[in-house]
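Fair warning: this is a prediction, and the values are worked out from it, not measured in the lab.
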Amino acid sequence: MKQSQLFTKTTKETPKDETSFNAQILIRAGFIDKVGAGMYNFLPLGLRVLNKINNIVREEMATVSGQEVLMTALTPKEVWQATDRWDNFDVLFKLTGNDDKEYALGATHEEIVTPLAKKFLCSYKEMPKSIFQIQVKFRNEKRAKAGLLRGREFIMKDMYSFHTDQADLDEYYETVKAAYFRIYERLGLKDLTYLTYSSGGAFSKFSHEFQTLTEAGEDHVYICPDCQVAVNREIIAEHNFCPVCKRADLTEAKAIEVGNIFKLGTKFSSAFDMKYMDQNGDSQEVIMGCYGMGPSRIMGTIVEVFNDERGIIWPESIAPFKIHLLSLKENKAATAIYQELINNNIEVLFDDREDVGAGAKFADADLIGCPYRLVVSSKTLERGGVELKARTSDQMEIIPLDQIINQFKR
Ligand code: ATP
Ligand code: MG
């Protein structure tokens, strides 16, 4: 992508009505744009990042046999009444259609997925199954002041699994837990992300959250230094010790929930009378699990934890581009390098702007935060190459022109 053609440009000004760090810097760098409280447009750079996060999530959900679907974001009142959530789910956005019927904008999809699965999963032979979607969700959040961390419209990956018995759910639940850790590892968040015990429902003692440590987080967790697990403060009254090793002197930290997994049991299958036929021809209630994750919140979280005073520092796996190529009045040589990188499928943002000075180009590269910066100038060409600097380091080196591709090809 040529920066001269990019739809957005960076700005030094911090948006006045925006108090959250992740949104401020993402807006300044041109990744997102604010429409209102908890409402953001994703712009070309931002959508590239979001899509990369989504694709990592997709790949890992496929490893646990999740099949992708896309359910409606518009949901009828009746399904929420069936679970008693129409009046009891305080963040539901409600609206009325031309047909005078009431609807809610989907805030979560148990009420849609259960009647859907009921149409296909009728016999023990058809289970287990799990389906997921990556979709926009709507919640009328009261505290939509944390940028991408708490949208009123946001992206969620929600997966739902259907089982014949508790043991099968328990086993599957553990495989999803492992897949979640693989996702956080690929996103560069593993060291900061703790499996966190929080209160369960009627069907399990605990549910599990995945909490990433950050001062911007709204949750308080207590970490066990030995076990790499944490407890959510909401339940600490009963469980003020590590659930694994029982150690009591846990460390308090602020964190943001980047995912959670939950054993639903028969709560939704019984509300929608979803039953299956077992081996003996008897009718049994289906056991369910649900597994949520917030790709847009994860994007905001990554910005909160990987940055310096100059800008964002994207992990390579989700950076908008791997390389930011800067031409300092050497567009001819730089264009040849740009073309060669593209020919080798190496993602590159090419700052080919002729009316922008070197200082502004360097500042933009740091703000946007691609992992590698390549500078082409008369000085670097005199030395026979381009200057390479990683966003995470201050060291620069000259790479000979004929070595550039080797340097970046995996
Ligand atoms: P929180 O306690 O932070 O409000 P939640 O328990 O309501 O989260 P879930 O209903 O389990 O969250 O949603 C699944 C995932 O969706 C969460 O783990 C989080 O990553 C993401 N998520 C939830 N609410 C929001 C939001 N308002 N904005 C962005 N992401 C969200
Ligand atoms: Mg919530």
*Asks:* Hey, what's the ring geometry for Phe210 with Tyr180, parallel, tilted or perpendicular (30° and 60° as the breaks)?
*Replies:*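 Plane angle between 30° and 60°, so tilted.
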*Asks:* Give me the one residue out of Thr114, Leu116, Val286 that meets side-chain contact (heavy atoms from CB on, under 4.5 Å) with Phe272.
*Replies:*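 When side-chain contact (heavy atoms from CB on, under 4.5 Å) is applied between Phe272 and each of Thr114, Leu116, Val286, only Thr114 qualifies.
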*Asks:* I'd like to know if the side chain of Glu126 and the backbone of Ser123 have a donor-acceptor N/O pair within less than 3.5 Å.
*Replies:*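 Indeed, once roles are kept as given, a pair shorter than 3.5 Å links the two residues.
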*Asks:* Hey, does the side chain of Lys94 reach the backbone of Trp86 with a donor-acceptor pair shorter than 3.5 angstrom?
*Replies:*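 Yes, Lys94 side chain to Trp86 backbone: donor-acceptor pair under 3.5 Å.
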*Asks:* Could you tell me the separation between the CD atom of Gln3 and the CG atom of Leu45, rounded to the nearest 0.5 Å?
*Replies:*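 The CD atom of Gln3 sits 8.0 Å away from the CG atom of Leu45.
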*Asks:* Report yes if the side chains of Lys177 and Leu195 come closer than 4.5 Å at any heavy-atom pair, otherwise no.
*Replies:*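 Yes. Closest side-chain heavy atoms under 4.5 Å.
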*Asks:* Would you say that Leu187 contacts Ile318 through its side chain, given a criterion of any heavy-atom pair below 4.5 Å between the two side chains?
*Replies:*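 Sidechains of Ile318 and Leu187: in contact.
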*Asks:* Is the Phe31 to Trp314 ring centre distance short of 6.0 Å?
*Replies:*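 Yes, the ring of Phe31 comes within the 6.0 Å limit of the ring of Trp314, centre to centre.
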*Asks:* Provide the closest heavy-atom pair for Val376 versus Ala333 in the form atom of the first, atom of the second, distance.
*Replies:*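 Nearest heavy atoms, Val376 then Ala333: CG1-CB, 4.2 Å.
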*Asks:* Report yes if the side chains of Pro243 and Val231 come closer than 4.5 Å at any heavy-atom pair, otherwise no.
*Replies:*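 Yes, at least one pair of side-chain atoms sits under 4.5 Å.
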*Asks:* Under the criterion salt bridge (Lys or Arg N to Asp or Glu O under 4.0 Å), I'd like the reasoning laid out for Arg353 against Asp364: C-alpha separation, chi angles, the key distance, then a yes or no.
*Replies:* CA-CA 12 Å; Arg353 294 172 299 173; Asp364 270 8; 3.0 Å; yes
*Asks:* Return the orientation label for the Phe93 and Phe138 ring planes: parallel under 30°, perpendicular over 60°, tilted otherwise.
*Replies:*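 Rings of Phe93 and Phe138: perpendicular, as their planes differ by over 60°.
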*Asks:* Whether the side chain of Arg233 engages the backbone of His220 through a donor-acceptor N/O pair (distance < 3.5 Å, no angle test) should be reported.
*Replies:*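 No; judged by distance alone, with no hydrogens or angles, the pair does not exist.
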*Asks:* Can a donor-acceptor pair be found between the side chains of Asn232 and Thr196 at a distance below 3.5 Å?
*Replies:*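 No, because no side-chain N or O of Asn232 sits under 3.5 Å from a partner of the opposite role on Thr196.
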*Asks:* I need the Gln279 CD to Gln284 CD distance, nearest 0.5 Å.
*Replies:*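 It is 9.5 Å, given to the nearest 0.5 Å.
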*Asks:* For the residue pair Thr301 / Thr212, report whether a side-chain donor-acceptor contact shorter than 3.5 Å exists.
*Replies:*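 Per modelled atom types, Thr212 and Thr301 side chains form no pair under 3.5 Å.
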*Asks:* How many angstroms lie between atom CD1 of Ile32 and atom CD1 of Ile27, to the nearest 0.5 angstrom?
*Replies:*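 Separation between the atoms: 5.0 Å.
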*Asks:* Can you pull the salt bridge (Lys or Arg N to Asp or Glu O under 4.0 Å) pairs that have at least one residue in residues 253-267, sequence neighbours excluded?
*Replies:*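 Salt bridge (Lys or Arg N to Asp or Glu O under 4.0 Å) check on residues 253-267 returns Asp170-Lys263.
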*Asks:* Side chain of Thr75, backbone of Ala104: donor and acceptor closer than 3.5 Å?
*Replies:*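 Pair found, side chain donor or acceptor close to backbone of Ala104.
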*Asks:* Say you draw a straight line from CD1 of Ile287 to CZ of Phe268; how long is it, rounded to the nearest 0.5 Å?
*Replies:*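 Spacing of CD1 (Ile287) from CZ (Phe268) equals 14.0 Å.
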*Asks:* Is Cys290 close to Ile261 at the side-chain level, that is, under 4.5 Å between some pair of heavy atoms?
*Replies:*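 No, every pair of side-chain atoms sits at 4.5 Å or beyond.
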*Asks:* With a cut-off of 6.0 Å (strictly less than), are more than 12 heavy atoms of other residues, nucleotides or ligands near NZ of Lys246?
*Replies:*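 Counting other residues, nucleotides and ligands, NZ of Lys246 exceeds 12 neighbours.
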*Asks:* State the OG-CE distance between Ser161 and Met288, to the nearest 0.5 angstrom.
*Replies:*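 Reported to 0.5 Å precision, the distance equals 7.5 Å.
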*Asks:* Distance-only, no hydrogens or angles: does the Tyr40 side chain make a donor-acceptor pair with backbone N or O of Phe154 under 3.5 Å?
*Replies:*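 Not a single qualifying donor-acceptor pair exists.
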*Asks:* Go through the steps for Phe132 and Val69 under the test side chain to side chain contact (heavy atoms under 4.5 Å, CB included), then give the verdict.
*Replies:* CA-CA 6 Å; Phe132 75 97; Val69 298; over 6 Å; no
*Asks:* Examine distances only and state if a side-chain atom of Asn344 and a backbone atom of Ile346 form a donor-acceptor pair shorter than 3.5 Å.
*Replies:*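 Flag not set: sc Asn344 to bb Ile346 has no pair under 3.5 Å.
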*Asks:* Whether the side chain of Gln135 engages the backbone of Met71 through a donor-acceptor N/O pair (distance < 3.5 Å, no angle test) should be reported.
*Replies:*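 Looks like yes, one N/O pair under 3.5 Å.
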*Asks:* Between Tyr172 and Ser130, is any side-chain donor less than 3.5 angstrom from a side-chain acceptor?
*Replies:*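 Yes, Ser130 and Tyr172 have a side-chain donor paired with an acceptor closer than 3.5 Å.
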*Asks:* Are the side chains of Leu388 and Arg373 in contact, using a 4.5 Å heavy-atom criterion?
*Replies:*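 Heavy-atom side-chain distance check fails, nothing below 4.5 Å.
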*Asks:* Below 4.5 Å, heavy atoms only, C-beta onward: do Ile398 and Val386 meet side chain to side chain?
*Replies:*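 No - every pair of side-chain heavy atoms lies 4.5 Å or more apart.
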*Asks:* I need the single residue from Lys361, Lys2, Lys9 that forms a salt bridge (Lys or Arg N to Asp or Glu O under 4.0 Å) with Asp351. Which is it?
*Replies:*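 It is Lys361, the one option of Lys361, Lys2, Lys9 that forms the salt bridge (Lys or Arg N to Asp or Glu O under 4.0 Å) with Asp351.
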*Asks:* Within the side chain of Lys322, is there an N or O that forms a donor-acceptor pair under 3.5 Å with the backbone of Phe408?
*Replies:*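 Yes, the answer is positive, given that a donor and an acceptor are paired below the 3.5 Å cut-off.
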*Asks:* Could you tell me whether Lys101 atom NZ has more than 12 heavy atoms of other residues or ligands within 6.0 Å of it?
*Replies:*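 Atom NZ in Lys101 is not crowded, with 12 or fewer foreign heavy atoms closer than 6.0 Å.
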*Asks:* Considering non-hydrogen atoms only, spot the tightest contact between Leu250 and Tyr222 and give its length.
*Replies:*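 Smallest heavy-atom distance, with atoms named: CB-CB, 3.7 Å.
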*Asks:* Please enumerate all residues that pass side chain to side chain donor-acceptor pair (under 3.5 Å) together with Thr83, with sequence neighbours excluded.
*Replies:*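 Listed in chain order: Glu111.
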*Asks:* Ser65 and Gln67: side-chain donor and acceptor closer than 3.5 Å?
*Replies:*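 No donor-acceptor contact under 3.5 Å links the two side chains.
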*Asks:* Only counting residues at least two apart or in another chain, list the ones meeting salt bridge (charged side-chain N to carboxylate O under 4.0 Å, His left out) with Asp278.
*Replies:*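 For Asp278 there are no salt bridge (charged side-chain N to carboxylate O under 4.0 Å, His left out) partners, ignoring immediate neighbours.
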*Asks:* For Tyr372 and His324, I'd like to know if the aromatic rings sit close, meaning centre-to-centre distance below 6.0 Å.
*Replies:*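 Aromatic pair excluded; centres sit 6.0 Å or further apart.
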*Asks:* Do any N or O atoms from the side chain of Asn331 and from the backbone of Ala334 form a donor-acceptor pair under 3.5 angstrom?
*Replies:*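 No, because the side chain of Asn331 does not come within donor-acceptor range (under 3.5 Å) of the backbone of Ala334.
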*Asks:* For residues 147-161, which residue pairs pass the salt bridge (Lys or Arg N to Asp or Glu O under 4.0 Å) check, not counting sequence neighbours?
*Replies:*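 Listed by first then second residue: Lys137-Asp158, Glu141-Arg150, Arg150-Glu218.
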*Asks:* Between Ser20 and Lys145, what is the shortest heavy-atom contact and its length?
*Replies:*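 Residues Ser20 and Lys145, closest heavy atoms: CB-O, 3.5 Å.
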*Asks:* Which atom names give the shortest non-hydrogen contact between Leu50 and Met299, and what distance separates them?
*Replies:*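 Between these two residues, the closest heavy atoms are N-SD, 4.2 Å.
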*Asks:* Ile112 versus Pro76: any side-chain heavy-atom pair under 4.5 Å?
*Replies:*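 The answer is yes, as the side chains (C-beta and beyond) meet within the 4.5 Å cut-off.
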*Asks:* For the backbone of Asp366 and the side chain of Arg391, can you confirm whether one donor and one acceptor N or O come within less than 3.5 Å of each other?
*Replies:*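 Yes, the answer is positive, given that a donor and an acceptor are paired below the 3.5 Å cut-off.
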*Asks:* Side-chain contact, heavy-atom cut-off 4.5 Å: Met1 with Phe321?
*Replies:*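 SC-SC contact between Met1 and Phe321 confirmed.
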*Asks:* Take atom CD in Glu174; do more than 12 heavy atoms of anything else shown fall under 6.0 Å from it?
*Replies:*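 More than 12 within 6.0 Å, yes.
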*Asks:* Keeping to residues at least two apart or across chains, list the salt bridge (Lys or Arg N to Asp or Glu O under 4.0 Å) pairs with something in residues 37-52.
*Replies:*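 Qualifying pairs, neighbours excluded: Arg48-Glu347, Lys52-Glu347.
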*Asks:* Taking atom OG1 of Thr193 and atom CD1 of Ile183, what is their separation to the nearest 0.5 Å?
*Replies:*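 So the OG1 of Thr193 and the CD1 of Ile183 are separated by 11.5 Å.
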*Asks:* Pick one: which of Ile256, Thr214, Asn22 meets side-chain contact (heavy atoms from CB on, under 4.5 Å) with Val305?
*Replies:*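 Per the side-chain contact (heavy atoms from CB on, under 4.5 Å) rule, the option paired with Val305 is Thr214, out of Ile256, Thr214, Asn22.
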*Asks:* Ring centres under 6.0 Å, that's the criterion: do Tyr197 and Phe206 meet it?
*Replies:*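 Here the rings of Phe206 and Tyr197 have centres that are less than 6.0 Å from each other.
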*Asks:* If you measure only the distance, is there a donor-acceptor pair under 3.5 Å linking the side chains of Asp352 and Ser327?
*Replies:*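 Distance-only check fails for Asp352 and Ser327.
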*Asks:* For Glu60 and Arg182, run salt bridge (Lys or Arg N to Asp or Glu O under 4.0 Å): C-alpha distance rounded to whole Å, both residues' side-chain angles, the deciding distance at 0.1 Å, then the answer.
*Replies:* CA-CA 7 Å; Glu60 295 299 340; Arg182 288 197 298 276; 2.7 Å; yes
*Asks:* Begin with the C-alpha distance, continue with both residues' side-chain angles, and end with the deciding distance and a verdict on side chain to side chain contact (heavy atoms under 4.5 Å, CB included) for Ile323 and Leu349.
*Replies:* CA-CA 6 Å; Ile323 295 174; Leu349 177 61; over 6 Å; no
*Asks:* Not counting sequence neighbours, list each pair that qualifies as a salt bridge (Lys or Arg N to Asp or Glu O under 4.0 Å) and has a residue in residues 16-28.
*Replies:*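 Found Glu18-Lys34.
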